[in-house]
**Student:** 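Let me give you the structure first, and then I'll get to my questions.
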Amino acid sequence: VLQAVVVLVTIDGVRWQEIANGTDSNRARPLGLPVSTAEALTPNLHALLRRGAAILGPTAECPGIAASGPGFLSLPGYAEIITGRSDTGCHDNTCAGLRHRTLLDDFAQREGASQGDVAMLTSWPDLQRLVRSDSENIDVSAGRHAGATRAAFLRAPAERALLDQGARREPFPGHGDYRPDSATARLALLHIATRRPAFTWLGLGDPDEYAHRNDYAGYLTSLKHADDVIGAVTSLLDDMVRAGHRTALFVTADHGRADNFKDHGPEFAESGRVWLVAAGTEIPSRGLAACDNLLHLADIAPTIRVIASLDGAPGPTAGKPIAAFEDRPAPDPLVNDHAITARVGTPSRRIW
Ligand SMILES: [Zn+2]
């Protein structure tokens, strides 16, 4: 049996409202923008949802998923996702150095791991600060020039060309050393296809940049681009399934948005709410999933650790694997049918 291939895609600051309900007509109509259903706005994400499992907005079956906060800022959200803990010590976007193991560490240090098994490609350069400085076997390209192991992407000529192209781009819609999502995604897709890492973290960021500019049209366009990237990642993983791999793709966001759309952060409690979609051979087909209590970003890493048979990081502030995203064998169809109904409510219910 070949190893499980796990891909985590984060899309900075995409709020659950567009994912669950589609275009915000109150914002789109005054701008002359078309109003789309959620399925039309992000078709690839919704195709994943139908194949796998998802937590979107609050429903009768599940209160939803949120960042633990209280910051509702980017780096704390990513720190929570990648460690699987709510107490990362990262409280704002200036934090550096995590005290706890990350998923990147777990994949890179597991038995039999080799160079190239773990990759992290992000548009926002600051995300490199979540990687241990001594992590030589985690291939990182963050922003246009950051990443202590950036040279790993210089070996193959085709990757080197895309890395160099990305470095020459203007940072817009970001600032400083930010790399636009199209450049980050092209390199990531090539890297996943050719190197087939056991774990890849692809961090997109354009939607948050447009939202901070209060540019709703730009936000929607960059969200559609992110959805195209999800479709491309899905195709790559489907190819790997045909080659005998087990797969899992997780897609989420580091925080949501304030009611005013433009902002997020500690002043805006509503900006803590996020969303999660996952699919692959290791994820059950449940559609919109049920849950007993509000889930947190800290629960994503423990779920991935179960799928990839990683040791995990126990402790009172560690998250818990999300039951609705765990695939459990079905010894008896009737018993299983009853059990699923009891645990997850109505698995096929749609909200669009
Ligand atoms: Zn963010």
Side-chain angles (χ1 to χ4, degrees), residues 8-19 42 45 64-86 88-96 98 102-103 120-131 140 142-144 146 171-181 184-185 188 201-216 218-223 225-227 229-230 250-277 296-298 300-301:
L8 168 67
V9 178
T10 53
I11 316 175
D12 202 300
V14 168
R15 58 182 183 171
W16 67 270
Q17 287 92 335
E18 274 81 16
I19 304 301
T42 52
L45 196 57
I65 180 167
S68 292
F72 312 133
L73 296 167
S74 297
L75 217 47
Y78 290 119
E80 181 176 356
I81 292 169
I82 207 66
T83 59
R85 309 183 71 99
S86 56
T88 62
C90 180
H91 302 298
D92 58 37
N93 286 341
T94 68
C95 71
L98 294 173
T102 69
L103 278 177
M120 170 177 164
L121 302 105
T122 66
S123 295
W124 191 36
D126 299 49
L127 284 173
Q128 72 166 332
R129 285 191 271 122
L130 299 184
V131 186
V140 180
R144 292 184 294 142
F172 186 88
H175 306 269
D177 198 45
Y178 185 87
R179 174 172 56 192
D181 281 350
T184 305
W201 175 13
L202 167 56
L204 302 176
D206 286 11
D208 187 68
E209 302 290 347
Y210 281 110
H212 283 302
R213 295 169 186 269
N214 209 20
D215 180 346
Y216 192 61
Y219 172 80
L220 293 179
T221 303
S222 58
L223 174 56
H225 173 260
D227 186 72
V229 173
I230 290 162
F250 285 75
V251 190
T252 191
D254 54 328
H255 52 75
R257 311 217 66 80
D259 289 338
N260 73 7
F261 173 66
K262 187 172 178 284
D263 296 315
H264 61 86
E267 311 93 317
F268 308 101
E270 70 276 17
S271 65
R273 187 168 287 279
V274 292
W275 50 274
L276 172 66
V277 179
H296 291 92
L297 289 179
I300 297 173

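Just so you know, these numbers come straight off a predicted model, no measurement behind them. Start at 1 with the first residue, then count along the sequence. Only this structure's heavy atoms are used, side chains among them; waters, hydrogens and symmetry mates stay out. Order of appearance sets the numbers: ligands from 1, and atoms from 1 within every ligand.
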**Student:** Please list, chain by chain and in numerical order, all residues satisfying salt bridge (Lys or Arg N to Asp or Glu O under 4.0 Å) with Asp208, sequence neighbours excluded.
**Tutor:**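 Expected list: Arg257.
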**Student:** Quiz question: by atom type and distance under 3.5 Å, do the side chains of Glu80 and Thr88 form a donor-acceptor pair?
**Tutor:**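 Glu80 vs Thr88: no donor-acceptor pair found between side chains.
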**Student:** So, are Arg15 and Glu18 salt-bridged, with charged N and O less than 4.0 Å apart?
**Tutor:**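 Yes.
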**Student:** Measuring from the Zn ion (ligand 1), name the closest N, O or S atom belonging to Asp254.
**Tutor:**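 Closest to the Zn ion (ligand 1) among those atoms: OD2.
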**Student:** Could you identify the N, O or S atom of Asp12 positioned closest to the Zn ion (ligand 1)?
**Tutor:**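 The Asp12 atom nearest to the Zn ion (ligand 1), restricting to N, O or S, is OD1.
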**Student:** I'd like to check the salt bridge (Lys or Arg N to Asp or Glu O under 4.0 Å) partners of Asp126; sequence neighbours left out, ordered by chain and number.
**Tutor:**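 Scan of Asp126 (salt bridge (Lys or Arg N to Asp or Glu O under 4.0 Å), adjacent residues dropped) gives Arg129.
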**Student:** Rounded to the nearest 10°, what angle sits at the Zn ion (ligand 1) between OG of Ser74 and NE2 of His255?
**Tutor:**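 Vertex at the Zn ion (ligand 1): approximately 110°.
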